[in-house]
2 protein chains.
Amino acid sequence: MADVILRSTNVEAGAHRADVPNFELIELLFFAYRDFVSEADEVLERFGFGRAHHRVLHFVSRNPDLKVAELLNILKITKQSLGRVLRELVDQGFIEASEGSSDRRQRLLRATPKGEELALELSIAQSRRIKRALEASGPGTHEAAAKFLAAMINPEDSGDVAKLVRSPSMTGRRR
Amino acid sequence: MADVILRSTNVEAGAHRADVPNFELIELLFFAYRDFVSEADEVLERFGFGRAHHRVLHFVSRNPDLKVAELLNILKITKQSLGRVLRELVDQGFIEASEGSSDRRQRLLRATPKGEELALELSIAQSRRIKRALEASGPGTHEAAAKFLAAMINPEDSGDVAKLVRSPSMTGRRR
DNA sequence: AGAATTACGTCAGCCATGTTGACATATTAT
DNA sequence: ATAATATGTCAACATGGCTGACGTAATTCT
């Protein structure tokens with residue numbers, strides 16, 4: 001399989017302690033995320049969906065009446081890219097859109113029961129992996145990991161994200 | 001502390017505690033990884049490279065004389081996908097290939113000095129974010145985060161990855 | 001009221017990067 | 001000698017990003 005060789009020297013003579021790259025976490029993030037996102041693939045395949053659909057469905061499901069602009073801000077993609085997958089999700093009855101109450105230009109997105117079901121199935125699959133990982137690590141790992149990951153997020157977004165992660169359907173506008 | 005409150009709706013009446021998805025970590029992983037990988041984009045753009053080039057260069061740089069098959073196993077992509085980006089990296093002098101000593105069919109990949117320089121620049125940029133995140137979190141976060149992420153990796157690969165990540169310059173052969 | 005801005009959608013095309021399948025070449029193993 | 005292996009390559013296709021341009025309805029500004 002992967003007979004892998006690693007080496008230690010990568011830091012030249014004058015390199016500062018602060019400049020020594022943390023290869024360990026760089027690589028662990030890569031491998032962990034690689035396997036984490038692939039977790040849902042089989043489920044998605046049953047519906048002819050890809051990872052883009054997963055992301056959209058997830059955040060819509062978690063934030064009922066999410067506005068399109070907010071979703072774009074979360075995903076950091078263009079409206080054209082979003083448009084394609086969102087249209088498929090709406091056409092196939094996983095997501096529905098309603099008119100904004102105060103502002104009728106807005107489309108408020110929410111998952112249908114069918115959409116909720118799929119979103120939940122996907123979340124449960126990914127959560128199984130997380131649960132296993134947390135159990136394999138020591139106590140307090142959950143808090144430490146959450147803190148670390150939250151601190152990895154761009155500070156401009158961390159406010160929104162904090163709100164988003166902890167209190168869904170709380171439409172926070174930014175700056 | 002990551003004061004996070006999971007939403008209680010979304011879990012039907014009969015749902016087991018074990019089936020309550022960990023939305024917090026699912027979303028933190030998404031946001032953290034999103035910003036983590038985007039970190040290197042500006043640097044890569046200077047060379048007309050994308051994230052695929054980054055991944056290839058990173059693992060080749062970290063594992064001199066890496067075999068093509070090993071690289072494919074790390075990245076979990078097809079040789080055709082690898083071929084394109086690898087060719088560009090070789091053509092432009094960031095990676096060079098030599099004949100395998102014991103098996104002359106193999107191509108042993110390693111970064112050139114130019115390649116090492118770029119790989120290091122990219123790693124340092126990503127490590128700055130990691131360093132900041134660790135400093136913002138409590139002591140012991142580093143170990144906890146590493147443990148958690150390692151445990152998130154598919155068990156079939158975790159052996160390889162463990163070798164890869166933590167024991168540089170160790171010509172480990174397995175299975 | 002009229003003009004400007006905003007929220008959203010859409011058409012068209014391009015690019016990066018993944019996929020499958022088939023086939024070629026050299027080298028090594030049986 | 002034959003088979004298996006390591007790698008490369010051609011061709012076609014899918015997914016999911018992107019930019020640019022333009023349209024429409026609704027809201028806001030003056």
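In the text below, chain A, chain B and the rest are named by the order of the sequence lines, each starting its count at 1.
Taking atom CZ of residue B/R55 and atom C1' of nucleotide C/dG18, one finds them 10 Å apart after rounding to whole Å. Computed from coordinates, the B/L72 CG to D/dT5 P distance equals 16 Å when rounded to whole Å. Put simply, CG on A/N73 is 12 Å from P on C/dA7, counting in whole angstrom units. Between A/D41 atom CG and D/dT15 atom P there is a gap of 13 Å when expressed in whole angstrom units. Summarising the geometry, the separation between CG on A/L44 and C1' on C/dG18 is reported as 16 Å, rounded to the nearest angstrom. Note: CG (A/D65) to P (C/dC8) measures 13 Å, nearest angstrom. Atom CG in B/L71 sits roughly 14 Å away from atom P in C/dT17 (whole-Å rounding).
Annotation: salt bridge (charged side-chain N to carboxylate O under 4.0 Å, His left out) contacts of B/E121 (sequence neighbours excluded): B/R46. For B/R55, the side chain to side chain contact (heavy atoms under 4.5 Å, CB included) partners are A/F30, B/R51, B/A52, B/L75, not counting sequence neighbours. Qualifying side chain to side chain contact (heavy atoms under 4.5 Å, CB included) partners for B/R132, counting only residues two or more places apart in sequence or in other chains: A/P155, B/R129. For A/R87, the side chain to side chain contact (heavy atoms under 4.5 Å, CB included) criterion is met by A/R84, A/D91, not counting sequence neighbours. With sequence neighbours left out, A/F49 forms a ring pair (Phe, Tyr, Trp, His ring centres under 6.0 Å) with A/H53, A/F94.
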Anything under 3.5 Å between a donor and an acceptor, one on a side chain of residues 135-153 of chain B, the other on a protein residue two or more places apart or in another chain? List them.
residue: B/E135; atom: OE2; partner: B/K131; partner atom: NZ; Å: 3.4
residue: B/S137; atom: OG; partner: B/A133; partner atom: O; Å: 2.8
residue: B/T141; atom: OG1; partner: B/G138; partner atom: N; Å: 3.2
residue: B/T141; atom: OG1; partner: B/G138; partner atom: O; Å: 2.5
residue: B/H142; atom: NE2; partner: A/N22; partner atom: ND2; Å: 3.0

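A donor and an acceptor atom, one from each side chain of A/T112 and A/E96, are nowhere located under 3.5 Å apart.
Between A/H53 and D/dT15 there is no side-chain polar atom (N or O) within less than 4.0 angstrom of OP1 or OP2.
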Protein within reach of the bases, or only the backbone? For nucleotides 25-30 of chain C, mark each nucleotide 5' to 3' as B, S or -, using heavy atoms under 4.0 Å. -BBS--
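Residue pairs meeting the ring-ring contact (aromatic ring centres under 6.0 Å, His included) criterion with at least one partner in residues 66-93 of chain A, sequence neighbours excluded, do not occur; the list is empty.
Here A/E39 contributes atom CD and B/N154 contributes atom CG; the two are 7.5 Å apart, rounded to the nearest 0.5 Å.
Residue A/R51 places its side chain closer to D/dG16 than to any other of C/dC8, D/dG16, D/dA6.
Of the residues in residues 77-91 of chain B, those with a non-hydrogen atom less than 4.0 angstrom from any atom of DNA chain C are B/I77, B/T78, B/Q80, B/S81, B/R84.
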